[in-house]
Amino acid sequence: MGPNEGELLAAVIDLGNRNRRTLGFLPHAAFHQAAEGGTLLAAVEDTRLVGYALYGLQVTVCA
């Protein structure tokens with residue numbers, strides 16, 4: 001999911017906010033940063049958001 005998908009990103013943020021008790025609080029900026037970094041996946045069925053995955057990748061540098 002990219003940062004230019006504003007409507008979908010807003011739906012993801014809304015879903016996260018509605019499930020805040022289970023998932024914990026995540027500021028809007030974290031969702032935007034994940035979208036920009038390519039670490040936010042949205043699961044869509046037809047045109048409806050059914051879930052999302054926000055993840056981080058560990059960067060390893062080999063010398």
Side-chain angles (χ1 to χ4, degrees):
M1 195 174 127
N4 296 329
E5 298 179 72
E7 192 173 310
L8 183 56
L9 182 55
V12 167
I13 292 170
D14 181 59
L15 182 60
N17 287 342
R18 285 186 282 135
N19 292 284
R20 177 178 305 183
R21 285 185 180 209
T22 303
L23 302 172
F25 173 74
L26 205 57
H28 291 190
F31 286 101
H32 287 275
Q33 185 177 19
E36 289 173 10
T39 58
L40 178 59
L41 300 175
V44 178
E45 185 175 313
D46 295 321
T47 59
R48 188 175 71 93
L49 177 70
V50 294
Y52 70 89
L54 194 154
Y55 62 95
L57 297 174
Q58 188 173 22
V59 176
T60 304
V61 177
C62 297

Self-check item: Spacing of F31 atom CZ and L15 atom CG [to the nearest 0.5 Å]
Solution: 8.0 Å

Practice problem: Indicate yes or no: at least one non-hydrogen side-chain atom of L26 is less than 4.5 angstrom from one of L54. | Solution: yes

Practice problem: Under the side chain to side chain contact (heavy atoms under 4.5 Å, CB included) rule, what do L49 and D14 come out as? Steps first, then yes or no, please. | Solution: CA-CA 10 Å; L49 177 70; D14 181 59; over 6 Å; no

Quiz item: What is the minimum heavy-atom distance between Y55 and L40, and which atoms define it?
Solution: CE2-N, 4.2 Å

Exercise. Determine, step by step, whether H32 and I13 satisfy the side chain to side chain contact (heavy atoms under 4.5 Å, CB included) criterion, reporting the C-alpha distance in whole Å, the side-chain angles of both residues, the deciding distance to 0.1 Å, and the verdict.
Key: CA-CA 9 Å; H32 287 275; I13 292 170; 3.9 Å; yes

Exercise. Report the C-alpha separation of H28 and N17 in whole Å, then their side-chain angles, then the decisive distance to 0.1 Å, and conclude whether the side chain to side chain contact (heavy atoms under 4.5 Å, CB included) test is met.
Key: CA-CA 9 Å; H28 291 190; N17 287 342; 3.5 Å; yes

Exercise. Please indicate whether R21 has more than 12 foreign heavy atoms, meaning atoms of other residues, nucleotides or ligands, lying under 6.0 Å from its CZ.
Key: no

